Number of protein chains: 2
Amino acid sequence: MRPTAKQVAEAAGVSVATVSYVFGGRDGRVAPETRQRVLEAAGRLGYAPDQAARSLRRGRTQRVCLVQGSFGGVPTEERLARDLHEMADAQGYSVVTLTVYSRARAVAAADVLRGGIADGALINVSGEHLTPDLLASVVSTGLPVVAIREGEVPPGCDVVRVPEADACAEAVEHLIAQGRRRIAFLAHRHELYTGRPSGRLLGYTRALDRHGVDPARRLIVSGADDRVAAYQAVTELLRSPDRPDAVFAASDRAAISTIWAVRDAGLRVPEDVAVIGVGNIDEGLIANPPLSTVGPLRHDCTDVVRLLFDRLRAEEPPPARELVRTWSFLRRGSA
Amino acid sequence: MRPTAKQVAEAAGVSVATVSYVFGGRDGRVAPETRQRVLEAAGRLGYAPDQAARSLRRGRTQRVCLVQGSFGGVPTEERLARDLHEMADAQGYSVVTLTVYSRARAVAAADVLRGGIADGALINVSGEHLTPDLLASVVSTGLPVVAIREGEVPPGCDVVRVPEADACAEAVEHLIAQGRRRIAFLAHRHELYTGRPSGRLLGYTRALDRHGVDPARRLIVSGADDRVAAYQAVTELLRSPDRPDAVFAASDRAAISTIWAVRDAGLRVPEDVAVIGVGNIDEGLIANPPLSTVGPLRHDCTDVVRLLFDRLRAEEPPPARELVRTWSFLRRGSA
DNA sequence: CTGTTAGCGCTTTCAA
DNA sequence: TTGAAAGCGCTAACAG
């Protein structure tokens, strides 16, 4: 069904080596006329070199692996995925995507990576399933790895740091400075599941702590994962006698839903309820009022992706690098 | 660096065959105690069977391929991707994603598929780059293929039909019946690039034609691909002296931006401007007014995904199947 | 410029 | 229950 080089060789009246030369790109090696014959026969048979055999022989798969924490819907992950795909396409790589949403998936992902499914991996998992030892077991095989991660990473792997917590704390302190007394946090579910607060939630709690806000006055609800949940959570919050006068949402999408919910409740943003999101998505600019947010100024992830491809190209493993992304609080109309 | 079965065998004092038995799942084949020794040695060395070698030998990759037309941001594609990932994970498959946004990428994707990158493919590309002959060259290798597609598909491949055009025409006819005289269409860019109108655009033009609307009165603008572009496009449209009294947007996201733009311009939805979107995303329910839309009642794509996995499981290639999804016009508050 | 051939790491048949 | 060995399809070193 799937033709092999041998069949093409027979059809073209040459040896398998010649077929391999033609498809292997070793151009000068084959006479133009022979080359033509081979291509013609291959075209007729619908031949394409078997990837498994080629990978086994060459020791390279021409694939890169993206390890994600969740499925689409998160703008910042999407952008990373897109930049990785574009770079991969341009360099002749395919992209295989692994999703890690449980311990079992993390173990499976590590096995698959150690099994050589790809020539390198870009790991963007925030949960706790992918433990340092698991990551280390992958890195120790010599696989080029770039990890976007807080906390510990094994030696020999590039790491990208995103100082979310600091920028978020700044935003929440801005709310406190404005005199907001009841600041709600609209959390991603996974933030609530982890042991210690990290990232966005950590920024929130840290700012409140720093200003001596009674922990009992914290108001943390789930809903940042999707727009409808956010709308509903905020609508409910606003019905409380002790309603918040500010909402810090862990995503811009949730923050925009918050603006809707506040307006639909007959209240004003920011006068009655200040709103701040996270992510700096473009949509925030057309919200009414424009959304104040915490996030990167540029969304482009090519620098992260380049870390990986630099490693793929290198003969010798280069020294491990650390990239720190810039995050800031962007004040616009909603807070 | 990456240990082989041979090394594990030596460390455990057994033959490579035994190592293979342990990792190949052929359970009863190995004495519990031997098995333990092998696993222990493998764990120490960090062994995982080489995928390329295994694939070559077994003739199966344990991978499925998703071929997409664009990168994230399209809710309906995201849902398909998620359902595919979940099914794949559950069945022990990985997912490799190919993106086809040009003729060159289409040719490359076909080569990669014919090269056996995966055991089956789910193809969800609406553009014209992936021509029927290219698709046929892939199907003819015997690769299980499920295509979500309008128009021609090669024999031997399952196809999923989405009657978008009919449902969209119904929505536009509803606008006409309401007495709307100037109905704008907010298009995806790719719809404007293709030769003949298809899908959503086709529904729009067909409805107008059917009611004898002068083609010169059609109002087609780009902007459905992203929320900000939609907002700006509509804002501009509303400034025209001959402003539309209805907007049919090719995506719900654009339709929601349209609602904002109309309200921010001091006009009312639906009194001054009716708005209808496409996709039936949840977010439409919390829009104000709730968004009228065209789309599926259920978003679940497990039936589509199952077509593929049925084919993967089958010994004999089953007869080609056609799945027709149900699309309808869902009238809510915005039109 | 083209052909012959070893061998990548694994699975699986067959033999012990 | 375990081992020996052939061979999946390809590439690359070497020979001609």
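Because the structure is a prediction, the values reported are computed rather than measured. A note on names: the letters A, B, ... follow the listed sequences, proteins ahead of strands, and every chain is numbered from 1.
In summary, the side chains of A/S140 and A/R114 do not present any donor paired with an acceptor at a separation below 3.5 Å, with no hydrogens or angles considered.
Checking side-chain atoms of A/R161 against main-chain N and O of A/G151 turns up a donor-acceptor pair under 3.5 Å. Side-chain N or O atoms of A/R63 include none that pairs as donor or acceptor with a backbone N or O of A/S94 at under 3.5 Å. Between the side chain of B/R35 and the backbone N or O of B/V19, no donor-acceptor pair lies under 3.5 Å. Without hydrogens or angle criteria, A/R37 side chain to A/A12 main chain gives a donor-acceptor distance under 3.5 Å.
Atom-to-atom, CZ of B/R37 to P of D/dT2 comes out at 8 Å; the value is rounded to the nearest Å. What separates CD1 of A/I117 from P of C/dC10 is a distance of 15 Å, to the nearest Å. Atom CD of B/Q7 is separated from atom C1' of C/dC8 by 14 Å (rounded to the nearest Å). To the nearest angstrom, P of C/dG3 lies 12 Å from CD of A/E10.
Comparing the end axes of the helix from C/dC1-D/dG16 to C/dA16-D/dT1, each fitted to five base pairs by superposing C1' atoms of four pairs onto the next four, gives an inter-axis angle of 30° (nearest 10 degrees).
Ion pairing between a basic and an acidic side chain is recognised when a charged N comes within 4.0 Å of a carboxylate O; B/E40 and B/R44 show such pairing. We find that A/D83 and A/R79 are joined by a salt bridge, their nearest charged nitrogen and carboxylate oxygen being less than 4.0 Å apart.
Backbone-only engagement by A/T34 is indicated by non-hydrogen atom pairs under 4.0 Å involving sugar-phosphate atoms exclusively.
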In B/S/- notation (B base, S sugar-phosphate only, - none; protein heavy atoms under 4.0 Å), nucleotides 9-16 of chain D written 5' to 3' is BBBBBB--
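Within 6.0 Å of CZ on A/R103 lie more than 12 heavy atoms contributed by other residues, nucleotides or ligands.
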